[in-house]
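This report concerns only the one structure given below.
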Amino acid sequence: MDTPLFQPIPGMVDLTAPEVLLWQHLEEQARQLLPLYGFSEIRTPALEYTPVFTRSLGETTDVVQKEMYTFADRGGRSLTLRPEGTAGVIRYAAGQGAAAEGARLYYLGPMFRCERPQAGRKRQFHQLGVESFGEPNPAADVEVIALQQHLFQSWGLHAFTIDINTRGLPEDRPAVTAGLAAAARPHLDALCADCRRRFDTNIFRLLDCKQAACRQVVDTLPDPASFMSAPSRVYLAEVVRLLQGLNLPVRVNPRLVRGLDYYIHTVWEIRHPALGAQDALSGGGRYRVTLDTKPFDGVGFAAGLERAVMAVQHDQPDRLAALQPPRPVWLVALGPAAREANLRLAQELRQGGCACGLDLGDRSLKAQLRAANRVGAAWAVLRGDRELAAGTATLKNLQDGTQVELPLADVVTKLNAVKGRGTTS
RNA sequence: GCGACCGUAGCUCAGUUGGUUAGAGCACCAGAUUGUGGAUCUGGGUGUCGCGGGUUCGAUCCCCGUCGGUCGCCCCA
């Protein structure tokens, strides 16, 4: 019954240096890239009325049925911590009416799903997503896929694969379900228990079962697209043609299945081999959400940042080390007068843009230099009563051990010039 | 919701077929002319062996429970 004093909730982590530097780097890259495509940021609340999610994602999806953090507020209204980003952005954009037509928004922030944590899956996780609103148009889908490829490239990723598929139009779904059921029914006995259940509940799920026996059966099934209407098939063909025109290395995978109900037409998934069992780096697709009988169309994707960080550490193992902040200057004081003077000096240096640190306690010179060494300082500034009286400071180069006593103003000038970086003047 | 594995120092981990003072590396602290760091040297173990109970002359080790962690299933980013 011990309440953990020092641990966060399972599946939620404290993200700190050095790893957080890599997060910041990926975020900066994204914020630089997305405006090139005309996307601007939206920050929606983390908490929404529960129906915002249930009506968009589909009542029967796993996310809605068993993964949401849902609770009642003091007035008894049902609230939910967002399990994904699209529903909230649609809630906003639909509320803007016609002004939202063609809007391009991106979001970046924490999402929450009450699942069992494992590698690459947290209960509080982070997604970067984009939404491009407007009528279905293969070019819009292709542009978003290209953006994603560009983004991952800017992160230094290269080992990923892009699979696309089509879900067709909503009105095709009965025919596809019936067609798949007819083809699979003779093989029911060969399927695993899960798949026998899926046969009735959601036959599409057969397609991505990992069991070897089920895969054998699935390989004999016809392409679901073969049961779709001509417009659905033409749409996919056009997407593929445009992707080829951009030389994007995309594979059409008829067995790709996505979990949310709102998808129509194009869906895709980007996978990376370094991610373990949860190998989807991002997923996306075209969607249609009906609000108040009015259809709301868009295309977008969401990328898992935890997974992106893992992938970058795999593809660019040296990236993190290159992000270390500049080595600071360390101010060393001998005696209380110098300590107080150093506090002022530190502020002066920092105002000038020079990173520095200092010992706030009453420690020996030896201990202070050891501390300077520990933080990787390139320079130490030493001051005691002697320097204070003379208006000087001793500037020590911690790389080669040389030191020189200079007027304080010269030391400040010099350090501001190097801004705390390592190399000698 | 289900399953597997793990829990010993600040960190990474060894260890005891059940036995007396629980170990290593790294990290950390201290080294006396009270103004000089790093590499080396000397000294220092900093611990509720996750917690509770059971078996036993004796438990860190075996058993049960519990808490925590990791990975996997389901599903997803």
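In what follows, every chain begins at residue 1, and chains take the letters A, B, ... in the order their sequences are listed. Hydrogens, waters and symmetry mates play no part in the numbers below; they use all other heavy atoms, side chains included.
- Taking the ring centroids of A/Y37 and A/H150, they lie under the 6.0 Å cut-off.
- For RNA chain B, runs of at least 3 consecutive pairs of the Watson-Crick or G-U wobble type, with both hydrogen-bonding distances under 3.5 angstrom, map to B:1-7 with B:67-73, B:10-13 with B:23-26, B:28-31 with B:41-44, B:50-54 with B:62-66.
- One cannot find a donor-acceptor pair under 3.5 Å joining the base of B/C76 and the side-chain atoms of A/R116.
- There is a side-chain donor-acceptor pair under 3.5 Å between A/T44 and A/R82.
- Side-chain polar atoms of A/S132 and A/E143 form no donor-acceptor pair below 3.5 angstrom.
- Note on A/Q118: a side-chain N or O is less than 4.0 Å away from OP1 or OP2 of B/G72.
- Side-chain contact check for A/D14 and A/T16: no donor-acceptor pair (N or O, by modelled atom type) lies under 3.5 Å.
- A/R205 contributes no side-chain N or O that forms a donor-acceptor pair with the base of B/C75 under 3.5 Å.
- As judged by a 4.0 angstrom heavy-atom cut-off over every strand, A/A302 is placed among residues touching the sugar-phosphate backbone only.
- Taking the ring axis of A/Y235 as reference, the NZ or CZ atom of A/R286 does not stay both within 45° of it and closer than 6.0 Å to the ring centre.
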Per-nt protein contacts along nucleotides 31-41 of chain B (heavy atom under 4.0 Å; B base, S backbone sugar-phosphate only, - none) come out as -S--BBBB---

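- Across all strands shown, A/P10 has heavy atoms under 4.0 Å from sugar-phosphate atoms exclusively, and none from any base.
- Going from atom CZ of A/F125 over to atom P of B/C75 covers 17 Å, rounded to whole Å.
- For B/C76, its base never sits under 3.5 Å from the side chain of A/E84 at any donor and acceptor pair.
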